There are 2 protein chains.
Amino acid sequence: MELNSVAKVILGFLSRENLSGYDIKLRVDDSTRFFWAASYGQIYPELKRLEEEGLIQGTDSPHGGRARRVYGITDRGRTALASWIMDTGSTVELRHEGLLKVFFADAIDSPEDRVAVLEAMAQVHRVQVEELEAVAARKTSVPIECAPETIAEGDRRMPAFVLKFGLDFHRWVVEWCEREIESALKAEAKVGAGHA
Amino acid sequence: MELNSVAKVILGFLSRENLSGYDIKLRVDDSTRFFWAASYGQIYPELKRLEEEGLIQGTDSPHGGRARRVYGITDRGRTALASWIMDTGSTVELRHEGLLKVFFADAIDSPEDRVAVLEAMAQVHRVQVEELEAVAARKTSVPIECAPETIAEGDRRMPAFVLKFGLDFHRWVVEWCEREIESALKAEAKVGAGHA
DNA sequence: TACGACATGTAATCTGTTACATGATTGA
DNA sequence: TCAATCATGTAACAGATTACATGTCGTA
């Protein structure tokens, strides 16, 4: 019962509410995309597979003449989800072009230009902070889940938790870069003074 | 002159020293793999392509009967590398299964089990810290680049910089998790006391 | 009536890893 | 002599994105 990458988000979201493939994609793009993306090209085929395996159950529920299939999680699906969550192993992958540039920045002659590489990296993370702040603002003003019983359940704390992690993380990176830039500038000033 | 993902590491390493494909792979696995991996299946074809484009220049230099082709960066290659590094845009991708588990941990009934999910995430990052500490230890004791002229150049500071970032980052995540676990446990204790 | 959101699906493409094939050299 | 390392290369596969095709519905 190994779950693939897409199955994990699908079962996760379906454990909260019944959704169509389209709905799932909306929620992914609004939340997990920052650390776990999923495209239509993965979602729709996987919904079929998961239904065949009996982890989810689909029901046709067209809106007028517009075809729509809403899926709900089954007991077997819940078991699979819980067993994945409770498994202590998990992968972490970081692919960071800014770090790669810093790593090779010795190839740049001018010290000011090398500092600029760090500053550019900081800027990328500032943008991420802004994006996440926008997400946070949206969450507090207009909750994405609008069903009344959903708002009533106040115990859905974990997504906010993860959002906080994202904000804290990107802010930390910005500060790290700024600290290192400052100490680099100080070191350089000393060298400059020595030469004068 | 858009560089693809593998071209970036190749040009970066060749800007320091002349290397074979095998050498490049060794260096990637020893350093950038934590944020920028590359496999033989990418490296060898790309070396050919970069030579055709004139960004690198290969020379056959067999060791005895063992075939070997060593590449050096050209002036055009240096220009391409510098222009990529100085470009302010860069991608950041994080794929974090632990965060995904935390995100969906509301599906787990027991509060203790939910805390365990956070603890497991912390553990993954502790392992990363250990791995990076091993890398750091290797660097200070036996520098990977052993050519004397290389050791003499003391101005290759950026790789150590990036290593420091990795260590600081993973330690920060561990502390973040521990802080949140503690505050979660305190909140729970209060609820428990209220019920009592 | 036209546009944007709703809704499903797939084919082409791209990127990257894994595994294998092949063979030489070095050192225990 | 045997295993590990040096060395190059490719085919098969896995994972994911992009772009397209198709059509409905609500609303400005």
Side-chain angles (χ1 to χ4, degrees), chain A residues 2-10 13-14 18-30 32-52 56 58-71 91 93-97 100 142 144 146, chain B residues 2-10 13-14 18-30 32-52 56 58-71 91 93-97 100 142 144 146:
Chain A
E2 273 307 273
L3 300 177
N4 69 29
S5 147
V6 211
K8 289 162 189 171
V9 243
I10 291 177
F13 280 115
L14 292 186
N18 295 346
L19 297 166
S20 67
Y22 186 85
D23 291 330
I24 291 171
K25 173 67 169 154
L26 280 186
R27 277 159 183 70
V28 166
D29 287 349
D30 193 58
T32 66
R33 86 176 139 99
F34 293 100
F35 55 92
W36 205 270
S39 63
Y40 287 127
Q42 300 172 274
I43 292 171
Y44 284 115
E46 187 62 17
L47 283 171
K48 287 197 174 173
R49 269 209 41 236
L50 289 173
E51 183 163 20
E52 276 166 32
I56 64 176
T59 316
D60 284 316
S61 60
H63 266 202
R66 182 155 52 188
R68 187 159 187 265
R69 191 168 176 84
V70 170
Y71 294 87
T91 60
E93 279 161 57
L94 181 66
R95 198 163 176 86
H96 198 299
E97 198 176 3
L100 193 67
V142 189
I144 187 176
C146 291
Chain B
E2 272 309 276
L3 301 177
N4 69 30
S5 147
V6 210
K8 289 163 188 170
V9 244
I10 291 177
F13 280 113
L14 292 185
N18 295 345
L19 298 166
S20 66
Y22 186 85
D23 291 331
I24 292 172
K25 173 67 170 156
L26 280 185
R27 278 160 183 70
V28 166
D29 287 348
D30 193 59
T32 67
R33 87 177 137 99
F34 293 101
F35 54 94
W36 206 270
S39 62
Y40 287 127
Q42 299 172 276
I43 292 171
Y44 284 113
E46 187 61 16
L47 283 170
K48 289 200 171 168
R49 269 209 42 235
L50 288 173
E51 183 163 20
E52 277 169 29
I56 64 177
T59 316
D60 284 316
S61 60
H63 266 203
R66 182 156 53 188
R68 187 160 186 264
R69 191 169 176 82
V70 170
Y71 294 88
T91 60
E93 278 160 58
L94 181 66
R95 199 164 175 86
H96 198 300
E97 198 177 0
L100 194 67
V142 187
I144 186 176
C146 291

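Throughout, protein chains are lettered first and strands after them, A, B, ... in sequence-line order, and every chain is numbered starting at 1. Note that the structure is predicted; figures quoted are calculated from it, not measured.
One interatomic measurement links the two molecules: CH2 of A:Trp36 to P of D:dA16, which rounds to 7 Å at whole-angstrom precision. Here the C1' atom of nucleotide D:dT22 and the CZ atom of A:Arg68 are 18 Å apart, to the nearest Å. Atom CG in B:Leu94 sits about 14 Å away from atom P in D:dA16, given to the nearest Å. Rounded to whole Å, atom P of D:dT17 lies 10 Å from atom CD1 of A:Ile43. To the nearest angstrom, C1' of C:dA7 lies 14 Å from CZ of A:Arg69. Going from atom OH of A:Tyr40 over to atom P of C:dA12 covers 22 Å, rounded to whole Å. Going from atom CG of B:Asp29 over to atom C1' of C:dT18 covers 14 Å, rounded to whole Å. Between B:Ile10 atom CD1 and C:dG16 atom P there is a gap of 12 Å when expressed in whole angstrom units.
Comparing atom distances between the B:Asp23 side chain and each of D:dA7, D:dT10, C:dC6 picks out D:dA7 as nearest. Of the candidate nucleotides C:dT17, D:dT17, D:dT10, C:dT17 has the atom lying nearest to any side-chain atom of B:Ala37.
The backbone N or O of A:Arg27 sits nowhere less than 3.5 Å from a side-chain atom of A:Asp30 that would complete a donor-acceptor pair.
Checking the phosphate oxygens (OP1, OP2) of D:dG15, no side-chain nitrogen or oxygen of B:Arg95 falls inside 4.0 Å. At the phosphate of D:dT8, OP1 or OP2 sits under 4.0 Å from a side-chain N or O atom of B:Tyr44. For the pair A:Ser20 and C:dT8, the criterion of a side-chain N or O lying under 4.0 Å from OP1 or OP2 is met. Applying the 4.0 Å criterion to OP1 and OP2 of C:dG16, one finds that B:Ser5 has a side-chain N or O inside that range.
Looking at heavy-atom distances under 4.0 Å, A:Gly21 makes contact with sugar-phosphate atoms alone, never a base. Within 4.0 Å of B:Gly64, counting heavy atoms only, lie sugar-phosphate atoms of the nucleic acid but no base atom. Counting non-hydrogen atoms under 4.0 angstrom, B:Lys25 reaches nothing in the nucleic acid.
Between A:Gln42 and A:His63, the residue whose closest nucleotide on DNA chain C is further toward the 5' end is A:His63. Comparing B:Arg66 and B:Leu47, the nucleotide of DNA chain D nearest to each residue sits closer to the 5' end for B:Arg66.
Of all the heavy atoms in B:Ser5 and A:Arg95, the pair that sits closest is OG-NH2, 2.5 Å. Across every non-hydrogen atom of A:Tyr71 and A:Leu14, the tightest pair is O-CD2, 3.4 Å.
A salt bridge is absent between A:Glu52 and A:Arg49; no separation between the charged side-chain nitrogens and carboxylate oxygens falls under 4.0 Å.
In this structure, the separation between CD on B:Glu46 and CD1 on B:Ile10 is 5.5 Å, given to the nearest 0.5 Å.
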